[in-house]
2 protein chains.
Amino acid sequence: MRAPGLLEARQSLAPYARPAVAVDLVILTRVDEALHVLLIRRGEAPFAGRLALPGGFLRVGDGVEDQGEDLDRAAARELQEETGLAPGDVLLEQFATFGRPGRDPRMRVLSVAYYALVRPEVAQRVRAGGDAAETCWAPVAELAGSTLAFDHGHILEVALGRVREKLDTSSLAFSLVPESFTIPELRAVFSAVKGEPQDPGNFRRKVKRLVEDGVLETAPGRRRTASKPAALYRFRAAPRR
Amino acid sequence: MRAPGLLEARQSLAPYARPAVAVDLVILTRVDEALHVLLIRRGEAPFAGRLALPGGFLRVGDGVEDQGEDLDRAAARELQEETGLAPGDVLLEQFATFGRPGRDPRMRVLSVAYYALVRPEVAQRVRAGGDAAETCWAPVAELAGSTLAFDHGHILEVALGRVREKLDTSSLAFSLVPESFTIPELRAVFSAVKGEPQDPGNFRRKVKRLVEDGVLETAPGRRRTASKPAALYRFRAAPRR
DNA sequence: GCAATAGTGTCTTTAAGACACTATCAT
DNA sequence: ATGATAGTGTCTTAAAGACACTATTGC
């Protein structure tokens, strides 16, 4: 009981072999002034023993009646499986898809890549994934030498470039500080992402403008530190500009 | 004669059904002060008779020995097939991947989406695609009402957002003017993409800065028009700032 | 000459960079 | 009291927006 046109269309698609599709995650957090990425050590071939980005295969269902899970949902599921973190704890955004033939020696695999930005206090809750693999936070600046599995080094570079691009023009930075944060904490995010120190005075002026524009608001309490306590701020809404 | 680890790995992948993967193109050019997108009218179900973005399926080979074509190459091939344009004539960049279950009623299909920016004089060379379907340039501003096939309306929106974002921070605009262009021509690109007129004086000042910075250089000749001829410029290198 | 569009100049506001300085906390 | 870090103020330069004005071409 199918329309002929539909049948034809389906047949015209049938000849094409299909790639496997994975979702890989660049999970970033900030430790002091350095950006860190979550890596897992692979237990199996290929690239056994090498560090890799966490990820997994997209669930497609039977492909017709049940078309499976959404890409964003697959990314959130992988994040949950690998770190125990729920979406809502993190900013999770797709940034590119990688599909060079040969990037996985076993078979044709596309990787839809997401970056996840994790607040520092949440990052501490991360526990080893269900695959029981060894996971660790690695400082991205010191990763230049070591080669990651597959093309994950390249994927990481692209992710960092994108995060750097969006830092000044989106509200992305607020996902790398606690919900209530101090100006020096936010400044540390900018230092870590841009890889160069930010002037305290000028940075403070920029934050003040955001408060005036209603993007940020003051939050109750102060951050207790080893010296003078700092005032707290909190994100309100809408990307700036 | 396979390593056991590899066999295990392959088997662990086998249970997963695979999605079909298409590459879809948002082909943009500028006509006067309005941005236009190339659409094709679908001849087959689903969405027969509706306008859609050009695109096609990724070639994957047998998936092991021959892993098929690269994503960028697939996009260039589709562009060639649908318009007759060669890469080099256009700027072609991947911008996002769409995979909502149900976006294609036939089966699970992911769409890796590219935008292509076409110079106006090149756009005139575009001829109907090999699929013999009707193709046309549609002004994007007047497309609000009409619903495109699949989620192509959404894909178009995302493409436009991305192009708008990158207009001021990349050399993308120079792909929407002739290789030698006048300041008013470039200004028309900015007007079309941003959707609002650009001040002639201020815009000229911005271009002058690019010349001083070595991003642009003067080109020989002048553009003959109905009134005063305009001086020509040409792109030299590197995205600005 | 005249219409049309290229091209110039000026005034104001906003934001960034550099950097000296003051204030307030824990110990 | 003192060291450390939070927070303030100022000077300069770069760039954006608004807008009045002049110059050069085709017809």
Side-chain angles (χ1 to χ4, degrees), chain A residues 32-33 164-165 167-170 173 177-178 180-234 239-241, chain B residues 30 32-33 120 164-165 167-170 173 177-178 180-234 239-241:
Chain A
D32 299 321
E33 300 269 313
R164 235 167 256 141
E165 267 180 18
L167 186 66
D168 283 310
T169 53
S170 79
V177 288
S180 284
F181 57 89
T182 68
I183 292 183
E185 282 168 355
L186 189 64
R187 181 159 56 91
V189 169
F190 277 71
S191 299
V193 173
K194 294 191 174 178
E196 53 190 20
Q198 302 295 109
D199 180 274
N202 297 338
F203 190 85
R204 177 171 299 271
R205 184 177 46 194
K206 190 153 63 176
V207 173
K208 282 292 172 63
R209 257 198 300 271
L210 293 179
V211 175
E212 281 167 20
D213 294 352
V215 178
L216 299 181
E217 62 186 4
T218 58
R222 328 210 103 209
R223 179 80 77 236
R224 217 188 105 87
T225 69
S227 78
K228 178 178 177 178
L232 293 173
Y233 296 83
R234 156 198 318 145
R240 48 176 134 156
R241 180 87 16 110
Chain B
R30 175 188 63 82
D32 300 321
E33 300 268 315
R164 235 168 256 143
E165 266 180 18
L167 185 68
D168 282 309
T169 53
S170 79
V177 288
S180 284
F181 57 88
T182 67
I183 292 182
E185 282 168 354
L186 189 63
R187 183 159 56 92
V189 169
F190 278 71
S191 299
V193 173
K194 294 190 174 180
E196 53 190 22
Q198 301 296 108
D199 181 275
N202 297 338
F203 191 85
R204 177 172 299 272
R205 183 177 48 192
K206 191 153 64 177
V207 174
K208 282 291 173 63
R209 258 198 300 271
L210 293 180
V211 175
E212 282 167 19
D213 294 352
V215 177
L216 299 182
E217 63 186 3
T218 58
R222 328 211 106 210
R223 178 82 75 238
R224 217 188 103 89
T225 68
S227 77
K228 178 179 177 178
L232 293 172
Y233 296 83
R234 149 194 330 139
R240 55 175 125 152
R241 184 76 20 109

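What you see below is based on every heavy atom in this structure, not just the backbone, and it leaves out hydrogens, waters and symmetry mates. Just so it is clear: chains get the letters A, B, ... in the order the sequence lines come, proteins before strands, and each one is counted from 1.
- The structure places CZ of B:Arg222 at 7.5 Å from NZ of B:Lys228, a figure rounded to the nearest 0.5 Å.
- Listed by first then second residue, pairs satisfying salt bridge (Lys or Arg N to Asp or Glu O under 4.0 Å) with a partner in residues 180-200 of chain B read B:Asp168-B:Lys194, B:Glu185-B:Arg223, not counting sequence neighbours.
- Residues A:Thr218 and A:Leu232 form no side-chain contact, since every pair of their non-hydrogen atoms from C-beta on lies 4.5 Å or further apart.
- A straight line from CD of B:Gln198 to P of D:dA16 spans 11 Å, rounded to a whole angstrom.
- A:Arg224 places no side-chain N or O within 3.5 Å of a backbone atom of A:Pro229 that could act as its donor or acceptor partner.
- Taking atom CZ of residue A:Phe203 and atom P of nucleotide D:dA6, one finds them 12 Å apart after rounding to whole Å.
- Here the closest non-hydrogen pair linking A:Leu186 and A:Phe181 is CD2-CE1, 3.9 Å.
- Using a 4.5 Å heavy-atom cutoff, the side chains of A:Arg205 and A:Asn202 are in contact.
- Heavy-atom minimum distance, A:Pro197 versus A:Ser191: CA-OG, 3.9 Å.
- OP1 or OP2 of C:dG17 has not a single side-chain nitrogen or oxygen of A:Lys206 nearer than 4.0 Å.
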Do any N or O atoms of the protein come closer than 3.5 Å to N or O atoms of nucleotides 4-6 of chain C, and which pairs are they?
| residue | atom | partner | partner atom | Å |
| --- | --- | --- | --- | --- |
| C:dT5 | O4' | B:Ser227 | OG | 2.7 |
| C:dA6 | N3 | B:Lys228 | NZ | 3.4 |

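- A:Tyr233 is not listed as a side-chain neighbour of A:Val177, based on a closest heavy-atom distance of 4.5 Å or more.
- Distances shown here put a side-chain N or O of A:Arg209 below 4.0 Å from the OP1 or OP2 atom of C:dA16.
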For nucleotides 9-12 of chain C, list the nitrogen or oxygen atoms of the protein found under 3.5 Å from its nitrogen or oxygen atoms, one pair per line.
none

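- The interatomic distance linking A:Tyr233 (OH) with D:dA6 (C1') rounds to 10 Å, in whole Å.
- Between the P atom of D:dT5 and the CG atom of A:Asp32 lies a distance of 12 Å, rounded to the nearest Å.
- Taking atom CG on B:Leu210 and atom C1' on D:dA14, their separation rounds to 14 Å, with Å as the unit.
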